[in-house]
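Structure first, then comments.
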Amino acid sequence: MATYIVSTEKLDFTYLDGTKALDSLSIKIPEGKKVAFIGNNGAGKTTLLLHFNGINRPDGGEVRYNGQKMDYSSKGIKELRKKVGIVFQDTDSQLFSGSVYQDVSFGPMNLGWPEGKIRIKLEQVMKEAGIWELRDKPPHLLSYGQKKRVAIAGVLAMEPELIILDEPTAALDPVCTSQVMSLLNTLNTNGATIIVSSHNMDEVYAWADFVFVLKEGKVIAEGSPINVFRRQDVLAAASLKNPLVLELYDKLVSSGMLAKQEDVPATPEALIALLATGKL
Amino acid sequence: MLYIDQFVYKNKMCHFHPLEKVIFAFVTILLSVTTDKMAVHLAIMAVMLSLLVFKAGTPVTVVGKLLLAPTGFLLAGGLSLAVTVNVSAAGMLVALTIGNFYLGVTATSLALATGVLLRSLSAVSALYFLVLTTPMTDLLHVLQLLRVPAMVIELVMLIYRFIFVFIETAFSIYAAQSARLGFIDFRRSITSFGVLFANLWGKAFFKSQAMYNSLLSRGYEGELKVLSPEYKFSLPNTLLFVLLELGLVSLVFVV
Ligand SMILES: Nc1ncnc2c1ncn2[C@@H]1O[C@H](COP(=O)(O)OP(=O)(O)O)[C@@H](O)[C@H]1O
Ligand SMILES: [Mg+2]
């Protein structure tokens, strides 16, 4: 039986101004997977993700972590936030310190690790994120992509078992995007569960193991990317687009230029490779 | 926009222990405010500016521009000290007659004005030496060594960061407004500035809320604990500062 790292049961959440952001939402996030939440702006992605480390608390229903009902005592929250790392969408608000090095050190310092261990960890994650050279720079002299990687490193330095990224690649250039995505793949291979929110369908289709589609605070579909993205009714309801690779593949098959495959290609590279070998 | 940090974080004296630089700068400022000797002031300026340009590698143009800012003030202030008003023109080097009074410059008032001007410039150049060679984070580290309460240090850290977030936010609103002709005439400008300020506060509020959330997520419990790079005292560097300082101090007794 699959174990679920986070799950919600009939979760309701209403903002102070009366906006009902989540509406009786029930989901289960399998451990060790790469999970994506897709949905248009205002669908409730950010609101939901902030429930996973206790920043938002349910108005109704419940959130479970590793099968246990979430403990909102200050001790419980502290333990939770050691295990769950969130990279926020607004990068500028995540960086508070005068230098990159100090900023990344903040999380590990709060964990109370010995200084030697922290320094080793800092060097390792900053190299992984490609920001070691920038360590003395103040945040306001960094480009957007660099700030994003600093924010990610600041969370990775805490070695969380669940890493959540809210629209990590929005406004990143293609090179930066693929660096971030491959970093996430490495982390996943090393055992972490990764959750991202996104409205880039191509990226989600190529990357995710499991997809949830949100609309107006409800889940309207879930499953493997190929199953979700084949459902035109869902995509239309959520006003999302088809992933380009899938659309092209379907067109090629229906027009008889390509044999139907057991494994539908997920990336442009896979599709191109198919074109070379899989012709009718 | 000219952010001086641009030159600070990678200047060639960045790796000096911040405490060495802070002590050197403050002893020099003390010397500058306590001595009247012009030669000492000139020597302080020469030492500080050459350290900046030749040792730290700060571009001359940057140092020049920064020095120009207080020089304007100081000249205006100096002028008011140099010019005196009297009923007789006795002792005035040059004088202007206004009715029954004489407006002019005397030898003592001129000496007073140049004295003040030089003293201020020498103190300012010592301060610039510190500011242009020592990043904010290093200065905060010194405050920490001096047992300044953590609360004050954290406030300075956040203010420092938020100044830039604030400037950037204001600038992006300004750019968006002027692209749509928000500042085309005086009346539109007044309206646009009103909107800019209102929005700035709104945005600042949301950004601080977002920052608080992200700090909480990284385990914030009321204290902004961060790790600084490791600073090392170095004998040659300390020796350099001590020798320069001794030279400046001994000049007081020589001239
Ligand atoms: N702080 C807030 N106060 C009031 N309403 C909010 C707040 N944050 C978000 N909302 C509203 O909640 C809904 C869901 O927002 P959000 O979770 O940010 O969506 P997404 O991240 O999918 O774009 C939207 O209708 C939004 O306007
Ligand atoms: Mg969002």
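Chain letters run A, B, ... following the sequence lines, proteins first, then strands; residues in each count from 1.
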For a 4.5 angstrom cut-off between non-hydrogen side-chain atoms, does B:E154 reach A:F96? no
Please check if the number of heavy atoms outside B:F54 that lie under 6.0 Å from its CZ is greater than 12. no
Residue part contacting chain A, namely of B:Y220, when any heavy atom lies under 4.5 Å: both
Measuring from B:D5:CG to A:D136:CG, what's the distance to the nearest 0.5 Å? 12.5 Å
Heavy-atom proximity to chain B below 4.5 Å, by part of A:L122: side chain
Chain B contact via A:K137 - side chain, backbone, both or neither, heavy atoms under 4.5 Å: both
Closest non-hydrogen atom pair between A:S99 and B:T137, with its separation: N-CG2, 3.6 Å
If you tally heavy-atom pairs under 4.5 Å against chain B, which of A:N53, A:V87, A:I77, A:L95 wins? A:L95
Identify which part of B:L140 has an atom lying under 4.5 Å from any heavy atom of chain A, answering side chain, backbone, both or neither. neither
Are any non-hydrogen side-chain atoms of B:S228 and A:Y101 less than 4.5 angstrom apart? no
With ring centroids as reference points, do B:F162 and A:H140 lie under 6.0 angstrom apart? no
Could you tell me if the side chain of B:Y9 sits less than 4.5 Å from the side chain of A:P138, heavy atoms only? yes
Note, A:D92 side chain near B:R161 side chain (heavy atom, < 4.5 Å): yes
Atom NZ of residue position A:K83 - does it have more than 12 heavy atoms of other residues, nucleotides or ligands inside 6.0 Å? yes
Taking the side chain as every heavy atom from C-beta outward, state whether B:L227 and A:Q102 have any atom pair closer than 4.5 Å. no
Among B:V165, B:L215, B:L158, which residue has the highest count of heavy-atom pairs closer than 4.5 Å to chain A? B:L215
Would you mind listing every salt bridge (charged side-chain N to carboxylate O under 4.0 Å, His left out) that reaches into residues 198-216 of chain B, with sequence neighbours excluded? A:D90-B:K207
Does atom CZ (B:F205) have a neighbourhood of more than 12 heavy atoms from anything else shown, all under 6.0 Å? no
For B:K225 versus A:M109, what's the shortest heavy-atom pair and its separation? O-CB, 3.5 Å
Is there a side-chain contact (heavy atoms from CB on, under 4.5 Å) between B:S214 and A:I86? Walk through the geometry before answering. CA-CA 8 Å; B:S214 89; A:I86 297 195; over 6 Å; no
Can you measure from CG (A:L50) to OG (B:S217) and round to the nearest 0.5 angstrom? 7.0 Å
Do other residues, nucleotides or ligands put more than 12 heavy atoms under 6.0 Å from B:L155 CG? yes
What do you reckon, is CZ of B:F206 surrounded by more than 12 foreign heavy atoms closer than 6.0 Å? no
With the side chain counted from C-beta on, respond yes when B:L216 and A:R81 share a heavy-atom pair under 4.5 Å apart, and no when they do not. yes
Taking only residues at least two apart or on different chains, which pairs with a member in residues 151-171 of chain A satisfy ring-ring contact (aromatic ring centres under 6.0 Å, His included)? none
B:F197, CZ: over 12 other non-hydrogen atoms inside 6.0 angstrom: no
Just wondering, do B:R218 and A:D103 contact through their side chains at under 4.5 Å, heavy atoms? yes
Looking at B:E223, B:E221, B:M136, which one has more heavy-atom pairs under 4.5 Å with chain A than the rest? B:E221
Given a strict heavy-atom distance threshold of 4.5 Å, which part of B:P135 is in contact with chain A: side chain, backbone, both, or neither? neither
Which atoms of A:V84 approach chain B - backbone, side chain, both or neither, heavy atom under 4.5 Å: backbone
Pick one of side chain, backbone, both or neither for A:F88, based on which atoms fall under 4.5 Å of a heavy atom in chain B. side chain
Counting only heavy atoms not in A:E216 (residues, nucleotides, ligands), do more than 12 fall under 6.0 Å from its CD? no
Please round to the nearest 0.5 Å and tell me the distance separating atom OG of A:S93 and atom OH of B:Y212. 15.0 Å
For A:K69, look at atom NZ and say whether over 12 heavy atoms of other residues, nucleotides or ligands are found less than 6.0 Å away. no
For B:M157, is it the side chain, the backbone, both or neither that has a heavy atom under 4.5 Å from a heavy atom of chain A? both
